[in-house]
Amino acid sequence: MKVTFGTHTLEITPTGDSYVAALNDKTINVQIVRADSGRLDLLVDGKRVTAYVSSDLAKRWVTLDGQTMLLTKTSGAKPGVRHDYAGGLTAPMPGQVRSVSVSEGEVVKKGQTLLTMEAMKMEIRIQALKDGRVKTVHVKPGQSVEREQILMEMEDE
Amino acid sequence: MKVTFGTHTLEITPTGDSYVAALNDKTINVQIVRADSGRLDLLVDGKRVTAYVSSDLAKRWVTLDGQTMLLTKTSGAKPGVRHDYAGGLTAPMPGQVRSVSVSEGEVVKKGQTLLTMEAMKMEIRIQALKDGRVKTVHVKPGQSVEREQILMEMEDE
Amino acid sequence: MTITPLPFSKILIANRGEIAIRIMRACRELNIPSVAVYSEADANAQHVQCADEAVLIGPPAPKESYLNVDHLLDAARHSGADAIHPGYGFLSENASFASAVESAHLTFIGPSADSIRAMGDKAESKIRMKQAAVPTVPGFENLESEQEFKRAAGEIGYPVLVKAAAGGGGKGMRVVHAESELSEAIALARREALNSFGDERLLIEKYLVEAHHVEIQVFGDKHGNLVHLFERECSVQRRHQKIIEESPSPLLTPQVRARMGEAAVNAAKAVGYFNAGTVEFIFDPRADSFYFLEMNTRLQVEHPVTELVSGLDLVQWQIRVAAGERFPFEQSGLHQRGHAIECRVYAEDPASGFLPSTGKLLQFIEPRGPGIRVDSGFRAGDIVTHFYDPLLAKLIVYGETRASAIQRMKIALRDFIVHGVTTNLDYMQSVLAHEDFAAGRVSTNWVEDHVREWTPAVPTEEALIAAALADVAFAASKSQSSISTETDPFNPWKQSNNFRN
Amino acid sequence: MTITPLPFSKILIANRGEIAIRIMRACRELNIPSVAVYSEADANAQHVQCADEAVLIGPPAPKESYLNVDHLLDAARHSGADAIHPGYGFLSENASFASAVESAHLTFIGPSADSIRAMGDKAESKIRMKQAAVPTVPGFENLESEQEFKRAAGEIGYPVLVKAAAGGGGKGMRVVHAESELSEAIALARREALNSFGDERLLIEKYLVEAHHVEIQVFGDKHGNLVHLFERECSVQRRHQKIIEESPSPLLTPQVRARMGEAAVNAAKAVGYFNAGTVEFIFDPRADSFYFLEMNTRLQVEHPVTELVSGLDLVQWQIRVAAGERFPFEQSGLHQRGHAIECRVYAEDPASGFLPSTGKLLQFIEPRGPGIRVDSGFRAGDIVTHFYDPLLAKLIVYGETRASAIQRMKIALRDFIVHGVTTNLDYMQSVLAHEDFAAGRVSTNWVEDHVREWTPAVPTEEALIAAALADVAFAASKSQSSISTETDPFNPWKQSNNFRN
């Protein structure tokens with residue numbers, strides 16, 4: 001079984017009562033001691049490891065030793081889809097657009113407030129990441145937006 | 001859907017977004033508000049009820065309002081199988097037979113110790129429930145027994 | 001030795017989340033049925049499941065549900081509740097609501113509307129405190145034009161703090177470092193103030209750079225008894241909102257503690273206070289001086305740390321005091337014992353400026369063990385929406401000493417498993433492990449500096465392996481709840497015969 | 001303000017279940033890695049999952065694993081542990097084990113082998129206590145023939161108690177009401193004594209009918225400081241084993257408490273005691289008199305109630321004292337605060353004479369909330385076997401007063417969900433709700449009388465409906481973790497328009 005998370009590809013092979021994982025030119029012996037309710041008790045090269053794992057489509061949430069990591073399962077052939085759409089400003093969280101301070105074609109400075117959003121009773125300012133020109137504005141004040149929805153697109157001046 | 005637990009038979013009929021349960025000539029409206037991980041949030045005739053339910057083959061463990069009940073799903077046609085095998089003395093719990101104090105054919109008095117078992121570091125005495133005669137002894141000292149395994153059979157004198 | 005029956009037949013809790021559940025637990029313990037209210041977004045929320053009854057009060061937007069006084073009073077009438085507990089946030093510090101509750105012949109579980117009004121107006125309260133000889137921060141109130149703000153800020157000296165006169169909880173609050181930032185800060189703060197409190201008035205005051213936030217819990221019955229339950233140190237903040245609180249403060253000497261407690265009791269007495277309240281101070285550890293900041297006329301998010309060190313149940317006492325009970329204790333009989341710390345577990349991403357995170361909770365496993373308490377509002381399967389505050393749970397620990405409480409908290413944070421939303425759990429671990437925290441050197445702007453050094457965990461080899469194997473393992477265990485290997489890897493007989501000889 | 005590093009690099013816990021986990025938590029908090037030991041039946045047990053390392057020590061039978069001194073010492077050597085904590089039960093009160101541990105140049109986390117030996121022999125300890133002017137129960141030791149037992153019993157007067165000289169925990173103990181029962185009781189007690197302690201000697205003493213079991217927690221460091229941490233009332237018992245314990249006792253006056261505490265400290269001093277120990281007394285509330293029963297030279301199952309009222313972590317202190325630390329407190333600085341109750345949750349059937357119940361835990365949901373602590377040894381999916389004590393968990397609550405602690409415990413018992421084995425949860429609810437318990441009138445034989453009035457819950461209509469619907473509902477929610485109905489039943493707009501106007 002071959003699995004890819006981002007830039008890491010693992011080859012997992014069952015061998016009797018355990019598994020061999022090949023990763024980054026290393027070979028690791030893994031045994032599943034117990035698996036229930038999103039919890040895995042493993043022996044990784046003889047060391048006891050408890051991992052909590054949840055799946056949400058291609059995403060895998062993993063907690064190990066109190067550290068939580070989010071992995072995305074990708075097809076090994078293609079690079080993963082990037083969330084920060086090139087040149088686009090996306091909504092950091094779901095909410096409502098409060099105001100749009102710029103119009104299409106306007107030249108803006110790095111750090112300038114382009115748009116404000118409201119979510120969870122907070123006001124969030126969306127600012128320009130660098131100097132440039134507003135290419136397209138996709139949203140209007142009052143509009144509800146999803147997380148990672150593209151709000152506006154920028155281009156170099 | 002018709003379900004029988006012991007002497008009670010329920011008829012459950014889905015109606016739109018809820019169910020109608022017919023039980024003991026009563027009709028009860030039930031709605032499932034949420035169901036996950038062995039927990040049911042119900043509306044029973046409009047009253048909020050949280051029930052914890054687990055299944056183990058035909059058995060159903062149900063906790064309601066802090067009271068835990070064990071139900072056994074039976075076929076509506078036949079009465080349930082009785083656990084206290086007629087005339088037989090069964091092991092109250094899994095363990096090991098320590099000693100057998102009587103032999104086949106022996107006449108015994110009510111309350112007389114017939115056999116001792118050991119389980120969980122305790123010594124348990126199996127006593128005659130009434131006066132009678134030992135018909136058959138099925139076990140030997142040192143033998144491991146399961147819960148409800150028949151240890152010996154008795155007959156009237 | 002039985003509990004005296006209280007005069008309430010039913011209590012409506014005008015709140016949601018962990019605090020609604022906390023209050024319902026207290027109701028249950030006092031044998032009083034509780035009524036939950038909920039918005040359309042909260043139909044499946046834990047606080048609804050936890051109550052004896054529940055009433056829908058409107059759409060998700062707070063203005064149309066949890067902040068809607070008419071709907072709440074209708075819900076109380078409808079359900080036959082005779083008292084209302086407002087929790088914290090929402091309408092808890094709204095004097096008009098307290099008045100409306102009393103006008104409807106219901107008991108408001110909190111202070112009088114007059115006390116709330118007096119302390120709710122930050123400008124007015126500051127004047128009152130000056131009169132009561134409680135030390136206050138240099139600042140100005142009742143400013144209108146931008147010119148007036150500019151003049152005031154110049155006189156105080158930058159940095160200054162612009163904040164809502166009616167505010168609290170960090171909403172409508174902005175630090176301004178230079179005159180060029182003042183105009184936008186005023187506009188934003190005004191809008192947030194209006195949105196959060198329905199009142200856009202602002203005040204301006206000196207912003208202390210190395211300030212610590214130390215507050216005193218006060219409590220009064222309706223018979224004139226007013227005590228304090230010692231301090232809480234609440235200096236670990238982001239966006240002016242507390243994330244870690246503790247009691248005792250590592251910085252207060254017994255002398256300063258006594259003086260601060262006395263000042264807090266005087267502040268509360270000046271407004272005829274009863275029920276639970278908190279007097280917040282800015283504390284300058286270099287000068288051992290403190291200034292009155294504001295009084296929160298309600299139960300505080302961080303009340304559990306006080307419960308653990310004082311041994312008192314603050315929420316039960318809120319209900320008892322509202323019912324007219326008299327304190328059986330006096331100030332001299334109250335003592336701090338041990339050390340308590342609270343960490344607020346938020347659905348938010350510390351790596352992206354603590355922006356809230358939403359989603360379905362795929363796992364939600366609370367830590368447990370001696371000295372660990374979790375006040376939470378969620379369970380696995382629940383959905384965290386963007387409509388409300390992203391507080392998932394409060395993790396509180398008790399230890400004999402500060403060092404042992406810190407150690408216990410580090411472990412508890414590691415044992416708290418939340419999947420489906422990003423949380424600040426990992427970040428708080430780094431704060432607890434930091435030498436500045438151990439030394440009590442964390443002032444209110446420390447997080448802003450420290451979070452830049454912090455990065456979330458990078459996937460390890462073991463994480464990649466666990467993620468890959470999970471698909472296999474959980475698929476195999478679907479029909480049964482666990483799988484076990486027959487052979488045991490630690491079997492010593494595999495290696496040697498030393499035990500069998 | 002950091003924790004002083006202790007001289008142990010690794011601690012082996014020679015036990016299993018909840019107490020092994022409790023000790024591992026303390027190790028983690030003191031930054032010391034822990035080593036679990038386990039039998040073949042416990043390969044998947046929680047205490048194994050909880051440890052930093054785990055070593056298999058033999059087959060399921062305790063004699064071949066948890067009671068096997070050689071295997072335990074080999075495991076310690078193998079893993080590099082330099083101290084051993086015995087927990088309670090198993091080898092915890094075995095002087096030879098304590099000696100063997102010290103001979104192997106490891107630290108035994110407990111009292112000296114000499115103290116254990118002196119108190120372990122019930123006959124010898126009674127003589128010692130008489131010498132130390134600690135009041136003792138009338139009785140006889142060193143009896144051999146049945147004739148001698150008969151003569152002794154006759155002299156004391158029936159009912160009498162026959163018990164193991166080396167015993168503890170109700171094992172090898174029989175109440176004899178008449179001479180005709182004496183012979184079988186001696187035979188059974190001898191066999192149990194031999195089986196449990198490897199020593200068949202018995203003693204005989206007066207059995208007090210309305211007796212209460214009150215015990216005093218003592219604690220000594222290795223520098224001659226010996227304090228007591230007040231009493232625990234442990235009169236709710238079945239088969240001479242405690243099921244509910246509390247502190248303070250509802251029956252003790254401050255005067256009796258002080259006298260009993262002093263007697264306990266004297267008892268401990270008489271055997272040069274250090275580390276945690278418990279002096280058990282029989283208490284006659286009508287005469288306010290008490291008699292020394294025995295001393296348990298180990299940590300007690302019910303230590304959490306003392307932790308909650310004293311604010312001290314007894315297990316951490318056991319390790320610290322073993323490491324040579326000195327108490328930073330004195331008797332005068334120790335106080336009881338509030339009230340704590342413990343309920344022992346057993347896999348057993350109260351309706352069948354409290355016989356143990358075995359099986360797979362289909363659900364195991366622990367109650368939570370302020371003032372609730374659960375020390376457990378299981379999680380859902382675990383299997384309860386017949387090899388060991390059927391204790392699933394200890395549920396402990398804290399309240400400001402006894403009445404509020406009882407109320408909190410009632411709720412916590414209701415919220416504890418265990419499926420797959422029969423438990424005593426429902427039965428304990430009936431005890432907590434009984435007027436005799438509220439009035440503190442429960443003596444040690446109360447359960448035997450009371451349990452006859454008690455019957456388990458009869459399936460209700462709602463239970464039948466829930467059981468029938470579960471098959472449908474859980475089948476539907478297999479692919480997703482929860483299902484919700486679109487329409488909300490509490491929608492007030494369905495009934496009226498009062499909120500929309």
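Throughout, protein chains are lettered first and strands after them, A, B, ... in sequence-line order, and every chain is numbered starting at 1. In this text, all values refer to a predicted model and were calculated from it rather than measured experimentally.
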*Asks:* Could you tell me the separation between the CG atom of D/L425 and the CD atom of B/Q67, rounded to the nearest 0.5 Å?
*Replies:*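 Going from CG on D/L425 over to CD on B/Q67, the span is 10.5 Å.
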
*Asks:* Looking at side-chain heavy atoms only, is the closest gap between B/H8 and D/E461 below 4.5 Å?
*Replies:*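 No. Closest side-chain heavy atoms not under 4.5 Å.
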
*Asks:* Highest number of heavy-atom pairs under 4.5 Å with chain B: which of D/A463, D/G359, D/A61?
*Replies:*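 Option with the top pair count is D/A463.
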
*Asks:* Return the OG1 to CG distance between D/T460 and B/D65, rounded to the nearest 0.5 Å.
*Replies:*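 Here the interatomic distance stands at 8.5 Å.
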
*Asks:* Which region of D/Q429, side chain (C-beta onward) or backbone (N, CA, C, O), has a non-hydrogen atom less than 4.5 Å from a non-hydrogen atom of chain B, or is it both or neither?
*Replies:*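 Contact with chain B: side chain only.
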
*Asks:* Nearest 0.5 Å please: distance from the CD1 atom of B/I32 over to the CG atom of D/L469.
*Replies:*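 Rounded to the nearest 0.5 Å, the CD1-CG separation comes out at 5.0 Å.
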
*Asks:* When rounded to the nearest 0.5 angstrom, what is the spacing between OG1 in B/T50 and CD in D/E462?
*Replies:*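 Reported to 0.5 Å precision, the distance equals 10.5 Å.
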
*Asks:* Given a strict heavy-atom distance threshold of 4.5 Å, which part of B/T113 is in contact with chain D: side chain, backbone, both, or neither?
*Replies:*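 Contact with chain D is through the side chain of B/T113 alone.
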
*Asks:* Would you mind checking which part of D/P459 comes under 4.5 Å of any heavy atom in chain B, side chain (CB onward), backbone (N, CA, C, O), both or neither?
*Replies:*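 Both the backbone and the side chain of D/P459 come within 4.5 Å of chain B.
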
*Asks:* Using non-hydrogen atoms only, which part of D/T423 is less than 4.5 Å away from chain B: side chain, backbone, both, or neither?
*Replies:*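 Neither the backbone nor the side chain of D/T423 comes within 4.5 Å of chain B.
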
*Asks:* Does the pair D/D471/B/R60 count as a salt bridge with the N-to-O cut at 4.0 Å?
*Replies:*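 So D/D471 pairs with B/R60 through a salt bridge.
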
*Asks:* Return the option, out of B/G38, B/A51, B/A21, with the maximum number of heavy-atom pairs under 4.5 Å with chain D.
*Replies:*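 Result: the option with the highest number of such pairs is B/G38.
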
*Asks:* Which pair of heavy atoms, one from B/V62 and one from D/A467, lies closest together, and at what distance?
*Replies:*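 Here B/V62 and D/A467 meet closest at CG2-CB, 3.8 Å.
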
*Asks:* With a 4.5 angstrom heavy-atom cut-off, could you sort out which part of B/D45 is near chain D: side chain, backbone, both or neither?
*Replies:*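 Looking at B/D45, nothing touches chain D.
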
*Asks:* Search all heavy atoms of D/L362 against all heavy atoms of B/S55 and return the closest pair with its distance.
*Replies:*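 Looking at all heavy atoms of both residues, the closest pair is CD1-O, 4.0 Å.
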
*Asks:* Residues two or more places apart in sequence or in another chain: which of them pass salt bridge (charged side-chain N to carboxylate O under 4.0 Å, His left out) with D/E366?
*Replies:*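 Per chain and number, D/E366 pairs via salt bridge (charged side-chain N to carboxylate O under 4.0 Å, His left out) with C/R368.
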
*Asks:* Answer with side chain, backbone, both or neither: which region of B/V49 has an atom nearer than 4.5 Å to a non-hydrogen atom of chain D?
*Replies:*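 Only the side chain of B/V49 comes within 4.5 Å of chain D.
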
*Asks:* Could you grab the distance from atom CG of D/L188 to atom OG1 of B/T116, nearest 0.5 Å is fine?
*Replies:*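 Here the interatomic distance stands at 8.0 Å.
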
*Asks:* Do you know the tightest heavy-atom contact between B/L40 and D/A466?
*Replies:*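 Taking every non-hydrogen atom into account, CD1-O, 3.6 Å.
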
*Asks:* What pairs with D/I365 under side chain to side chain contact (heavy atoms under 4.5 Å, CB included), at least two apart in sequence or on another chain?
*Replies:*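 Expected list: B/Y52, D/Q363, D/I417.
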
*Asks:* Which heavy atom of B/G66 sits nearest a heavy atom of D/D426, and at what distance?
*Replies:*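 Minimum heavy-atom separation between B/G66 and D/D426: O-OD1, 3.5 Å.
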
*Asks:* Please round to the nearest 0.5 Å and tell me the distance separating atom CG of D/L464 and atom CG of B/L71.
*Replies:*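 Between D/L464 CG and B/L71 CG, I get 5.5 Å after rounding to 0.5 Å.
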
*Asks:* Could you tell me whether the side chains of D/H419 and B/T68 share a donor-acceptor contact shorter than 3.5 Å?
*Replies:*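 No - no donor-acceptor pair under 3.5 Å links their side chains.
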
*Asks:* Using side chain to side chain contact (heavy atoms under 4.5 Å, CB included), reason through D/T422 and B/W61 one step at a time and then give a plain yes or no.
*Replies:* CA-CA 10 Å; D/T422 304; B/W61 298 79; 4.2 Å; yes

*Asks:* Which bit of B/K26 comes within less than 4.5 Å of chain D, counting heavy atoms only: side chain, backbone, both or neither?
*Replies:*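 Contact with chain D is through the side chain of B/K26 alone.
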
*Asks:* Among B/V3, B/V30, B/N24, single out the residue with the greatest number of heavy-atom pairs under 4.5 Å to chain D.
*Replies:*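 Greatest number of close heavy-atom pairs with chain D: B/V30.
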
*Asks:* Tell me, yes or no, whether the heavy-atom count around B/E11 atom CD, taken from other residues, nucleotides or ligands under 6.0 Å, exceeds 12.
*Replies:*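 Yes.
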
